[in-house]
Amino acid sequence: MKKNYLLISTATVLIVFTACKSKENTEAMQDATSLNMYVDSVKGLEPVYTVENWTAINDGYQERAMKAEKSLSSLEASDKAKAEASRERYAALKADYEAKLKENEMKAATDKASSDSKISTLKSDVADYRTTLRNNLFGEGKIGSDMQFNYVTAANILTVYDNFVNTVADNKKLYTREDWDEINVLYEALDNRKNSVEKDLASKDNRKIAGLKIRFASIAATHRGGTKVKENSDSKK
């Protein structure tokens, strides 16, 4: 009776062990298959070389790889070889993604540097054309980017207006729409300065300035509008 009990106990242990082992092997196969299928599916997708996309891909792989690693010892040799092959395929995929991401990063840095350079050049060109225009209208270095007219006094303001209006008259057919916009800004600033010094301005100078202002208004009304029409016509061509 005792011998039969031992045989039964041993058989029970073997059955339980076999069942556990079978379950372990099944889970290991499932984990390995999940990893293999995941790598194959990623390789079959159209590559999107962004950090966000690669992070999602890698997170999915690492989760499956960790599960497969825990049960790798339970696999048959052929299944272990398949799992290892998946790892190698993923390593190649990872190297490709990281190389492309680095390439995109360098290109983005180059494009930004090029864009910054163009913006800087554009700002420089705008500053240069404004400086040239101001020098022509008021004299070399008289009006800077701060638009200060402190050098204009009651004693010299008639000369300043005369030079301004005569220069505009001489170049009226050459100015672009942007030139006229800048000219009007400068003219308004000069008028504001006149208001500041007018109390000390001689009556005869004030009358002459009034005549110059009428002349300027006529030139601006005729040629600024004509420039706009011409630029619109050119843009349609």
Side-chain angles (χ1 to χ4, degrees), residues 27-136 140-141 143-148 174-183 185-186 227-228 230-237:
E27 290 179 351
M29 282 292 297
Q30 289 175 345
D31 293 339
T33 301
S34 175
L35 181 64
N36 295 339
M37 291 177 63
Y38 182 79
V39 173
D40 289 341
S41 67
V42 171
K43 286 183 68 66
L45 294 174
E46 185 70 24
V48 178
Y49 297 112
T50 64
V51 173
E52 293 77 12
N53 187 53
W54 172 244
T55 299
I57 289 173
N58 193 49
D59 287 348
Y61 174 81
Q62 296 301 334
E63 179 183 350
R64 290 164 175 80
M66 286 178 65
K67 291 180 68 176
E69 181 67 28
K70 292 178 181 179
S71 55
L72 189 62
S73 59
S74 302
L75 293 175
E76 299 292 334
S78 58
D79 294 323
K80 287 182 180 180
K82 291 179 182 179
E84 186 60 34
S86 291
R87 289 178 177 177
E88 291 175 358
R89 293 201 305 278
Y90 185 77
L93 179 72
K94 179 179 180 182
D96 178 64
Y97 260 87
E98 290 181 345
K100 290 292 185 181
L101 289 175
K102 187 65 176 179
E103 181 181 320
N104 289 347
E105 182 182 343
M106 293 176 66
K107 184 178 183 301
T110 301
D111 290 346
K112 183 179 185 304
S114 177
S115 177
D116 290 346
S117 177
K118 288 178 180 178
I119 292 172
S120 178
T121 299
L122 180 60
K123 289 181 178 179
S124 177
D125 290 344
V126 170
D128 287 345
Y129 111 79
R130 285 179 174 171
T131 298
T132 299
L133 189 60
R134 292 172 184 181
N135 288 342
N136 288 338
E140 190 73 27
I143 302 298
S145 59
D146 56 4
M147 292 284 287
Q148 293 296 314
L174 304 177
Y175 292 137
T176 65
R177 177 64 186 273
E178 288 74 19
D179 291 334
W180 279 110
D181 289 343
E182 180 69 10
I183 288 168
V185 169
L186 294 167
T227 301
K228 181 179 180 181
K230 181 178 183 300
E231 287 180 352
N232 288 339
S233 176
D234 290 344
S235 67
K236 290 178 181 179
K237 293 178 183 178

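On a predicted model such as this, the values are computed, not experimentally measured, just so you know.
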Could you state the interatomic distance from CZ (Arg130) to CG (Leu133), rounded to the nearest 0.5 Å?
10.0 Å
Quick one: pull up CG in Asn136 and OG1 in Thr131 and give me the separation to the nearest 0.5 Å.
11.0 Å
Considering residues at least two apart in sequence or located in another chain, which fulfil the side chain to side chain donor-acceptor pair (under 3.5 Å) criterion with [X]?
X      : answer
Asn135 : Glu140
Gln62  : Asn58
Asn104 : none

How would you list, by chain and number, every residue that makes a salt bridge (Lys or Arg N to Asp or Glu O under 4.0 Å) with Arg64, sequence neighbours excluded?
none
Compare every heavy atom of [Y] with every heavy atom of [X], then report the nearest pair and how far apart it is.
X      : Y      : result
Arg89  : Asn36  : NH2-O, 4.0 Å
Thr50  : Leu101 : C-CD2, 3.5 Å
Ile143 : Arg134 : O-CD, 3.8 Å

Do other residues, nucleotides or ligands put more than 12 heavy atoms under 6.0 Å from the CE atom of Met147?
yes
Kindly state each residue pair satisfying salt bridge (charged side-chain N to carboxylate O under 4.0 Å, His left out) with at least one member in residues 92-104, sequence neighbours excluded.
none
Any donor-acceptor pair under 3.5 Å linking the side-chain atoms of Asp179 with those of Thr176?
yes
Between Tyr61, Tyr90, Trp54, which is the residue that forms a ring pair (Phe, Tyr, Trp, His ring centres under 6.0 Å) with Tyr97?
Trp54
The criterion is ring-ring contact (aromatic ring centres under 6.0 Å, His included); which residues satisfy it with Tyr38, sequence neighbours excluded?
none
